[in-house]
K.L.:
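What follows is a structure written as structure tokens; I'll ask about it next.
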Number of protein chains: 4
Amino acid sequence: MSGGDAPANGDRPIAAPRHGRARSEKAHSAILAAACELLLQRGLAAVSMDAVAARAGVSKATIYRWWPSKETLALDALCDEWDVAAPVSDTGSLQGDLIGLLLPVARLASSRPYGRVIATLVAEARTDAAFANLYDSRFADPRREQARAAFLRAIERGEIPASTKTEVALDLLYGAIYHRLLHGHAAVSEKFVSDLVEVAMNGIAPRSAGR
Amino acid sequence: MSGGDAPANGDRPIAAPRHGRARSEKAHSAILAAACELLLQRGLAAVSMDAVAARAGVSKATIYRWWPSKETLALDALCDEWDVAAPVSDTGSLQGDLIGLLLPVARLASSRPYGRVIATLVAEARTDAAFANLYDSRFADPRREQARAAFLRAIERGEIPASTKTEVALDLLYGAIYHRLLHGHAAVSEKFVSDLVEVAMNGIAPRSAGR
Amino acid sequence: MSGGDAPANGDRPIAAPRHGRARSEKAHSAILAAACELLLQRGLAAVSMDAVAARAGVSKATIYRWWPSKETLALDALCDEWDVAAPVSDTGSLQGDLIGLLLPVARLASSRPYGRVIATLVAEARTDAAFANLYDSRFADPRREQARAAFLRAIERGEIPASTKTEVALDLLYGAIYHRLLHGHAAVSEKFVSDLVEVAMNGIAPRSAGR
Amino acid sequence: MSGGDAPANGDRPIAAPRHGRARSEKAHSAILAAACELLLQRGLAAVSMDAVAARAGVSKATIYRWWPSKETLALDALCDEWDVAAPVSDTGSLQGDLIGLLLPVARLASSRPYGRVIATLVAEARTDAAFANLYDSRFADPRREQARAAFLRAIERGEIPASTKTEVALDLLYGAIYHRLLHGHAAVSEKFVSDLVEVAMNGIAPRSAGR
DNA sequence: CGGTAATCGAGACGGTACGTCATGTCTTACA
DNA sequence: TGTAAGACATGACGTACCGTCTCGATTACCG
């Protein structure tokens, strides 16, 4: 989330503008807060810019000045909450690293109805290529990158072969999480995460595992 | 698609209408065709009921007469194309069954920009519970059920233990497919399907594989 | 006012549309009434389409369907009131005809604050050529044409020479009325009309008139 | 233009400011020039304060510091151009004086699209009483006063009777000019001015003229 | 000659209205 | 009764100005 520089998203400018009235920090955070609440309560489709402006006590023009669309705003509001997640440390084993990465996601995802919001953002990304880039770089890629790094460490440790199909494995792990999150057919519980990692690590029908 | 009975979706009524003008078969198929084309070309969000009506040479009232929302219409149009897939036979092995189930899906998904449409429908389902039921019963569940049946056969055959976490495995397999389809970060190629099934069956770090 | 045929202004269509819902007569007149009241109370600049829609109990879209701009609507509302003026008969003398034409205008103009409205419409006509045509054909020209006809009758009667500069005379008569109406420096009273016609007929310094 | 004392219009202050930065003469004239150009090119309605500020290379606050509204600014810009007209001398005859007064106005009015600007200012004056006073005192009254003085001289000379309805005559003369200027139905040519004065002086149907 | 104060550029802000668009309902006349 | 045509209320859209308000930087008079 940090480090933006242009009004392409809602990030604060780094270099101080020499002249002109300073950007209102109050308005900025009020907008994000209003967007977040409305988003989680009623979903992106039911949230209008007028409603966000009214609830934040802000004019529509101010929102449009900093966010080009309500999807961008929603992404910002979402990241505001999800990016507080603690950085995951190296646990020494791939399985431990994966659990350490996926469990916080599962806990966060279950805490409030984020599935609806993320589903809408994903749908929007399929329609708007520019937004897709933004979504990937701000939301999806960072998490996937952390998991990819865990796989690299496991290969360096010799825990898994260098020929491991890392990308497929990543799709398999995150895909399952997203699947439950977006389709809503089952909860993204902590039990699910541990089962998921176990099955993914050992396979559906483990050759050695007795039974 | 068959078997509907009420105008809750676009299915034809079973009992013959008692009197009055008969339902126009031409209008029905023209609407579905128009919806399908517009949907794949520009996405659900960019397709209005007016546009469908105009392209189908039909009045808006006729569409609303048979479909309660444009999401329902889109689902009907989608199923029209996806339900032609051949029923998969029993190959004798779980891996063969899974390939047989997932490959046609991958081929279909790659043939046209269905990812965008499905993403929108999934997002809508998260907002509208009634539509979620419809989506599951018409689109998602049938496929998942076929795969679940394959797992049951494998258990009966003794190919995998009865304690196999089938639901987790299903999420893992379909989740990966949906992940690429909805997020669009990589193609749902035939190679991906075979890799996916292999990794899912044997695990990321197969015990027997070299270390 | 009558006889329009296109939605270029708010007139009713002549030929009945064969299909479709009939235009709401209630909405039509409610819009004109609301526009007229707001117009006279607060002037065109202070009247928004939203306000007209709200007061008429009508949606903005309905207004825009029949009137392309609020100026067009204002012109329609104005003509609705001014076109009820009785057609002027031939009095047998130019002076009588002119009085007969100008007095009703003066009475109408003084009855309510039309000056403000007409001033705004005139200003708009100077900016928008299309509106200028509409304004002329619906409001200005008909009155001027009646006066021009009176001059022609006077020439035919031999009351004034054929060389009379009719157009200059018309500008002189109507110009004076408009001048007071638009600039508001003095009232358009009945006395003013009779003085105006007298001075215009005989000249500022009548050669024969004793005093 | 001179003689102002307060920032009610754009005039320069008389008394020297005690201290502080002096008013920028460059900004002042740049604003007037920018306003004038935009005004004549596109009309007052299409000219925004932002546009004037941008074109003048000036901040909006600076404009509002000296002009309370864009109408006031436009009036200032207009007077800047119209007040350069030479003061008219006493020609010895009423007709000569009137020609001497009206001809420069006609020439100026025809030189550029002032009609549009004046029409807008007149309309604004009908809505805003304070602006009406400003418009009259800065633009309309001075000219009318000169003509009124010519009538007084003519009465003193015995050229016209003391009972002459001067105000009606003034409305008749200036009304005709304004009529063509604001309604745009015919040009304010030099020929028109001479015809106008002749008809106004002698009447539409001069008693002495042939019949 | 340093302090005080009005001015200027830049531009963010709350607000209001704009004109357009899509949804879902309703009405009318035809088939 | 089903349908094409289309008018309608509703409400959000994204834009454009308005007039106000901070900012920091620039002058100039004045003590």
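Labels below follow one simple rule: chain letters A, B, ... track the order of the sequence lines, proteins then strands, and each chain is numbered from 1.
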K.L.:
If I take atom CD in residue Glu71(C) and atom C1' in nucleotide dC18(E), what distance separates them, rounded to the nearest angstrom?
P.N.:
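Spelled out: CD on Glu71(C) to C1' on dC18(E) is 12 Å.
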
K.L.:
Can you say whether a donor on the side chain of Ser48(C) sits under 3.5 Å from an acceptor on the base of dA17(E), or the other way round?
P.N.:
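Not at all, since no donor on one side and acceptor on the other fall under 3.5 Å apart.
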
K.L.:
Tell whether Lys60(D) reaches the base of dG11(E) with its side chain through a donor-acceptor pair below 3.5 angstrom.
P.N.:
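Side chain to base: no pair below 3.5 Å.
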
K.L.:
Can you tell me the distance, in whole Å, between the CH2 atom of Trp67(A) and the C1' atom of dA12(E)?
P.N.:
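From Trp67(A) CH2 to dA12(E) C1': 13 Å.
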
K.L.:
Please tell me if Trp66(B) has a side-chain N or O lying less than 4.0 Å from either OP1 or OP2 of dT3(F).
P.N.:
yes

K.L.:
Is the backbone of Leu40(C) close enough, under 3.5 Å, to the side chain of Arg116(C) for a donor and an acceptor to pair up by distance?
P.N.:
yes

K.L.:
Would one find a side-chain N or O of Lys70(A) under 4.0 angstrom from OP1 or OP2 of dC13(F)?
P.N.:
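Yes.
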
K.L.:
Lys26(B) near the nucleic acid: base, sugar-phosphate alone, or nothing, with a heavy-atom cut-off under 4.0 Å?
P.N.:
nothing

K.L.:
Could you check which of dG9(E), dC18(E), dA12(E) has an atom nearest any side-chain atom of Thr62(D)?
P.N.:
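Among the listed nucleotides, the one closest to the side chain of Thr62(D) is dG9(E).
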
K.L.:
Both Val58(C) and Ala61(A) contact DNA chain F. Which one's nearest nucleotide lies toward the 5' end?
P.N.:
Val58(C)

K.L.:
Expressed in angstrom and rounded to an integer, what is the separation of Arg65(D) atom CZ from dC18(F) atom P?
P.N.:
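The answer, rounded to whole Å, is 20 Å.
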
K.L.:
Report yes or no: does Lys60(D) contribute a side-chain atom to a donor-acceptor pair with the main-chain N or O of Met49(D) at less than 3.5 Å?
P.N.:
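Not at all, since once roles are kept as given, no pair shorter than 3.5 Å links the two residues.
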
K.L.:
May I ask you to test the Asp76(B)-Asp80(B) pair for a side-chain heavy-atom distance under 4.5 Å?
P.N.:
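Not in contact.
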
K.L.:
Rounded to the nearest 0.5 Å, what's the gap from CZ on Phe131(A) to OG1 on Thr72(A)? Could you check?
P.N.:
6.0 Å

K.L.:
Compare every heavy atom of Arg126(A) with every heavy atom of Ala119(B), then report the nearest pair and how far apart it is.
P.N.:
CB-CG, 4.2 Å

K.L.:
Regarding dC13(E), can its base be found pairing with the side chain of Arg21(A) as donor and acceptor, where the two atoms are less than 3.5 Å apart?
P.N.:
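Answer is no: no donor-acceptor pair is held.
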
K.L.:
Rounded to the Å, how far apart are Asp50(B) CG and dG6(F) C1'?
P.N.:
10 Å

K.L.:
Which residue lies toward the 5' end of DNA chain F, Gly57(B) or Met49(A), if each is placed at its nearest nucleotide?
P.N.:
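Of the two residues, Gly57(B) wins.
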
K.L.:
More 5' along DNA chain E: Ser59(D) or Val47(C), using each one's nearest nucleotide?
P.N.:
Ser59(D)

K.L.:
To the nearest angstrom, how far is Tyr64(A) atom OH from dA12(F) atom P?
P.N.:
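Rounded to whole Å, this separation is 12 Å.
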
K.L.:
Write down the distance between CD1 (Ile63(A)) and P (dT15(F)), rounded to a whole number of angstrom.
P.N.:
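It is 13 Å, rounded to the nearest whole Å.
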
K.L.:
How long is the line joining CG of Leu44(A) and P of dA12(F), in whole Å?
P.N.:
14 Å

K.L.:
Provide, to the nearest angstrom, the distance between the NE2 atom belonging to His28(B) and the P atom belonging to dA4(F).
P.N.:
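Atom-to-atom, His28(B) to dA4(F), this comes out as 14 Å.
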
